[in-house]
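Each residue takes its place number in the sequence, starting with 1.
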Amino acid sequence: MSTRTPWWIRIPLLFFIIFGLMEYFIDSGEKPAIIEYPITQFFMLMVLMILIAIELILSSIENVMFQTLSPEAKERYLESKAKKREWTWANNIYKRLTKTREIEKEGEIILDHNYDGIRELDNVLPPWWVYLFYATIIFGVVYLIRFHVAGDYDQKLEYEQEVAAAKIAIEEYKKTAKDLVDVNTVEFLSEAADLSAGEKIFATSCVACHMADGGGGIGPNLTDEYWILGGGIKNVFNTISEGGRDGKGMIAWKQSLKPLEMAQVASYILTLGGTTAANPKAAEGEIWVDPDAPESEETNEAPMEQVSDSTDVAMN
């Protein structure tokens, strides 16, 4: 006789199994495949319709076969369908963990106490509660020995370790998350894609003051080695972000550009150094020397000293 799982369980179960397999095998990055690739939505809709169609076909076949049965067989079939599914193993586990007694057997554990018709049962403690109680005792003993006898570590040390690990994780994340850079973590972006993006931003936002070749106009010349607010990626990034000198410098771009965009345009500006502008503006500011640059080793050689004797020796 048929004891199949109800259709309202089978169809969702099969649907989610197919959905899970699709998500597992399709590489869609951080987004679910069904969002990243809209065609998968159509695929899952077709799968759902096919499952419903299969279920309707099976129900029709089952109905036709039912009509061919004899009256006695039909009765047995309907009885098997109406019979509730029993989870024997689950019931056995429940009984072992609770040790409950059926109402019919409560007379075996009833006590002599009687108060106004109320009787007391001698029930044992549920095994699950006993096991949990023993587990807490073992845990307490281990905790006592580890932290109060052996002095493994305390909450302060644990907190400091977790904070240090979190800082390391944040720094590692910032290396790949360029939009989280700031003036302290920004680095020169040498990849062609970043420099190309920086050139586009420069052409859109900076040429009005610095000219297309960086030779300078209203703003200073960006091709020489002179800087008003300091050179290098960190100083240039900070100048773009916070703006130039009060009253006569450029505006702060941090409200208009993302951190990654400011890092890209700052990197592109540094590539203009040493190039030849068509009409370069006169130098402004001071020559900037990177304090973090390695010192060049100079060999100071003492000049050869010629020693002459003050005594002239006449050769006769």
Are [X] and [Y] grouped together when hydrophobic residues (ILVMFWY) are joined by side-chain heavy atoms under 4.5 angstrom apart?
{"X": "Ile52", "Y": "Trp7", "answer": "yes"}
{"X": "Leu48", "Y": "Ile17", "answer": "no"}
{"X": "Ile269", "Y": "Ile251", "answer": "yes"}
{"X": "Tyr24", "Y": "Val47", "answer": "no"}
{"X": "Ile35", "Y": "Ile39", "answer": "yes"}

List, one per line, each side-chain donor-acceptor pair under 3.5 Å for residues 211-222, sequence neighbours excluded.
unit_1, atom_1, unit_2, atom_2, d
Asp213, OD1, Gly215, N, 3.0
Asp213, OD2, Ala278, N, 2.8
Asn221, OD1, Thr223, N, 2.8
Asn221, OD1, Thr223, OG1, 2.7
Asn221, ND2, Thr223, OG1, 3.3
Asn221, ND2, Lys281, O, 3.4

Item to check | Straight-line distance of Phe188 CZ to Leu270 CG, nearest 0.5 Å | outcome: 6.0 Å
Checklist outcome for this item: OH of Tyr77 to CG of Leu69, rounded to nearest 0.5 Å, is 8.5 Å
Minimum heavy-atom distance [X]-[Y], with the two atoms named:
{"X": "Ile240", "Y": "Met250", "result": "CA-CE, 3.4 Å"}
{"X": "Asp182", "Y": "Phe237", "result": "C-CE2, 3.7 Å"}
{"X": "Ile34", "Y": "Gln41", "result": "O-NE2, 2.9 Å"}
{"X": "Leu195", "Y": "Ser190", "result": "CD1-O, 3.8 Å"}
{"X": "Val186", "Y": "Ala263", "result": "CG2-CB, 3.8 Å"}
{"X": "Met262", "Y": "Lys254", "result": "SD-CA, 4.0 Å"}

Are there more than 12 heavy atoms of other residues, nucleotides or ligands under 6.0 Å from atom [atom1] of [X]?
{"X": "Lys74", "atom1": "NZ", "value": "yes"}
{"X": "Glu286", "atom1": "CD", "value": "no"}
{"X": "Phe43", "atom1": "CZ", "value": "no"}
{"X": "Glu160", "atom1": "CD", "value": "yes"}
{"X": "Asn92", "atom1": "CG", "value": "yes"}
{"X": "Gln67", "atom1": "CD", "value": "yes"}

[X] side chain to [Y] backbone, donor-acceptor under 3.5 Å:
{"X": "Thr271", "Y": "Tyr268", "value": "yes"}
{"X": "Lys99", "Y": "Leu125", "value": "no"}
{"X": "Thr98", "Y": "Tyr94", "value": "yes"}
{"X": "Thr185", "Y": "Val181", "value": "no"}
{"X": "Glu242", "Y": "Ala252", "value": "no"}
{"X": "Glu225", "Y": "Trp288", "value": "no"}

Side chains of [X] and [Y]: does their closest heavy-atom pair fall under 4.5 Å?
{"X": "Ser241", "Y": "Val183", "result": "no"}
{"X": "Gln264", "Y": "Leu260", "result": "yes"}
{"X": "Arg245", "Y": "Leu229", "result": "yes"}
{"X": "Gln161", "Y": "Leu157", "result": "yes"}

Next on the checklist: For Asn235 and Trp227: C-alpha separation, side-chain torsions, deciding distance, then whether side-chain contact (heavy atoms from CB on, under 4.5 Å) applies.
Outcome noted: CA-CA 10 Å; Asn235 288 322; Trp227 295 88; over 6 Å; no
Next on the checklist: As a quick check of understanding, evaluate side-chain contact (heavy atoms from CB on, under 4.5 Å) for Phe202 and Val207, giving each step before the final call.
Outcome noted: CA-CA 6 Å; Phe202 185 87; Val207 294; 4.0 Å; yes
Next on the checklist: Determine whether Phe133 and Thr136 satisfy the following criterion, side-chain contact (heavy atoms from CB on, under 4.5 Å), listing intermediate values before the conclusion.
Outcome noted: CA-CA 5 Å; Phe133 179 70; Thr136 57; 4.2 Å; yes
Next on the checklist: side-chain contact (heavy atoms from CB on, under 4.5 Å) for Glu120 and Tyr115? Distances and angles first, verdict last.
Outcome noted: CA-CA 9 Å; Glu120 181 181 357; Tyr115 181 80; over 6 Å; no
